Visitor: 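Submitted below is the structure of interest, expressed as structure tokens.
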Amino acid sequence: MSYNFIRHRLKPALLACAAGTSLMASPAFAQAVDPNRLLEIMVEKGLVSRAEADAMIAEARTAPASPQQVQAPIQGGVSADGTQTIPYVPQVVRDQITEQVRTQLASQAQAEGWSKPGETPEWTRRISLYGDIRARYEGIFMDKSNSDIFPNYGAVNQGDPQNINPRTPGYVPPAFLNTLENRTRFQLRARLGLKAQIADWVSGDIRIATGNDRTPVSTNQTLGAFGGGGYQVWLDRAAIHLTPVKGVGVDFGRFSNPFWTSELLFDQDLNFDGVAVSARGKLGDNLALFGTAGAFPIFNSDLNLGSRNAPVGTGGPYKSQDRYLFAVQGGAEFKPIDQVSLRLAGGYFRFDNVEGKQSAPCYWYELTCSTDATRPAFQQFGNSMFPIRNITPNPADPVGSPENQYFGLASNFEILNIHGALEYRPSERFGVRLEGDYVRNLGWKRALVSTRAINNLGASTTIPDPNDSTKTITVAGPYEGGNSGWHVRLAIGSALDASQGNVTGARAGDWNAWVSYRRLESDAVLDAFTDSDFHIGGTNARGWQVGGNYAVAPNLLFGGRWMSAEEIAGSPFSVDRFFIDLSTQF
């Protein structure tokens, strides 16, 4: 409450109360306290007008009094020191003044919104703030028997093309992943959101979040990353939510995952751009149906997508390479008794135009080739890759001519997902949940991928040189990638949803513990959107997880996780990761 409020509101109110007290006092007290002076002060403060004060005085002189109100008359006049005395004011007039002051103050308070302590304007009561903060320690422990040659295709695709011809003079190999050195780091995740109820069926949601970069699957900020400098904040969500009829919701913009999926398919931090329609309805007391469908852009071509150096009349613009996710999911919840519930859903997730495309012939010196935009806009690790540029070498030096390449996904992605959970909760403070997931990429064709993939290959072998029987050559092993994955998870405790550091309305003393196993082959899902923590993020990994959380205070979780994962296809690559999280929400 501000000082101006006290000065302009409470002080006049106190003066009004003092006036009423004086006027309701005995005649003797009326003589000791000058009522006329109090009226003058009320006029100065704007509580009553000059005309109203004069009318009150005139009415006090002439109003008839009941027998109970009759008092000995008090003579009015002006004393030698200038004090003016008015006659005694009857009870009926005093009541009149009190009521008039009360009415005027009430009207003014209602108009200006200060009638009740802490009351705010109406529009502010339709807005709510929410957020969460997570502090994390992470240890990354590499197996010393790991191979040390894992090209970082994501880094190449984000920068300049990579020359893959080692016979070029001054050849520099690509960036490789760290597979041998342990790492530790401290991370922070902070998110702040605002929800606004615009109408009964219309609401809006805006959220900002921390993050090292524009990755769609993590808002973690590594502490000390910029030498103690400030950190970036990103627009994490911005959406309009409509509920045109009961049980139906429509989302536009950027919003949370509208599907019921696990991190086998989509990371917990992933948000969706586009539009989604969701519905839910009950069939009797024990059965409910739900479903979601949506369309989501995941890449949009630049307006200037074209060659920067082609001859006039033969250059760009090149064909657009926009990419989308079209998805549908349906499911049911069955609750035969209060303590037991079963949830099952099936979904189809079609990623349109994500497969890489080989370019038209492109000279070795060109900066841009026709299908450069078909390389992933973002990727983690695991998906099968192939070079997408069709390079025409320098005729003057075909052997040493550079072959500057980008890399595209070797497979298409049309994913079938089956997700289920069985829960037994005998009491409010304890429950058991068994959850499972299965994914299969229906767009993967082994015959095609095995002929073009340059990773996820078996061990190299040495064979006789077909061109020289006195020599041998080393060739890559056969393709070992796959298109399916599954995971199973068992959790116990009172806060079964408060897993992996997420806070979901936990009460003090709530806890959980869980163990899970996962196997996710190289091209089962798009590695860009799956779990960013398991292995090194992405696909082509299998292994165990174990963890637990405890609520040390309401909405304050302390927990930890241990992950142990290894590669499925390709050279040896085993990673253990350990997390300690302290998380809170508000």
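Owing to the predicted nature of the structure, the values given are computational and were not obtained by experimental measurement. Just so it is clear, the values below take in all heavy atoms, side chains as well, and ignore hydrogens, waters and symmetry mates.
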Visitor: Could you check, using the six-membered ring where one of them is a Trp, whether Y550 and W511 have ring centers closer than 6.0 angstrom?
Guide: no
Visitor: State which residues pass side-chain contact (heavy atoms from CB on, under 4.5 Å) with T243; sequence neighbours excluded, sorted by chain then number.
Guide: W201, H241
Visitor: Verify whether the ring centers belonging to F150 and F381 lie closer than 6.0 Å.
Guide: no
Visitor: Side-chain polar contacts of residues 282-289 - donor-acceptor pairs under 3.5 angstrom, sequence neighbours left out - could you list them?
Guide:
none

Visitor: With no hydrogens and no angle check, do the side chains of S359 and N390 hold a donor and an acceptor under 3.5 Å apart?
Guide: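 No, no side-chain donor-acceptor contact under 3.5 Å.
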Visitor: Is a salt bridge present between E263 and R489, judged by a nitrogen-to-oxygen distance below 4.0 Å?
Guide: no
Visitor: Holding to side-chain hydrogen bond (donor to acceptor under 3.5 Å, both in side chains), I want the full list of residues that pass it with S341, two or more places apart in sequence or in another chain.
Guide: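 S341 satisfies side-chain hydrogen bond (donor to acceptor under 3.5 Å, both in side chains) with no residue once adjacent residues are dropped.
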Visitor: Return the set of residues passing side-chain contact (heavy atoms from CB on, under 4.5 Å) with E567 (not counting sequence neighbours), or none when no residue passes.
Guide: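 Partners of E567 by the side-chain contact (heavy atoms from CB on, under 4.5 Å) criterion, ordered by chain and then number, come out as N540, F573, S574.
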Visitor: Checking salt bridge (Lys or Arg N to Asp or Glu O under 4.0 Å) against D236, which of R214, R189, R207, R191 comes through?
Guide: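 Among R214, R189, R207, R191, the one that satisfies the salt bridge (Lys or Arg N to Asp or Glu O under 4.0 Å) with D236 is R207.
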Visitor: Salt bridge (charged side-chain N to carboxylate O under 4.0 Å, His left out) for E428 and R507? Distances and angles first, verdict last.
Guide: CA-CA 11 Å; E428 188 182 65; R507 301 159 298 183; 3.3 Å; yes
Visitor: Which residues satisfy the ring pair (Phe, Tyr, Trp, His ring centres under 6.0 Å) test with F299, sequence neighbours excluded?
Guide: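 Once residues adjacent in sequence are excluded, F299 has no partner under the ring pair (Phe, Tyr, Trp, His ring centres under 6.0 Å) criterion.
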Visitor: Could you list the residues that satisfy salt bridge (Lys or Arg N to Asp or Glu O under 4.0 Å) with D352, not counting sequence neighbours?
Guide: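 Testing D352 for salt bridge (Lys or Arg N to Asp or Glu O under 4.0 Å), a comparison that skips the adjacent residues, returns R350.
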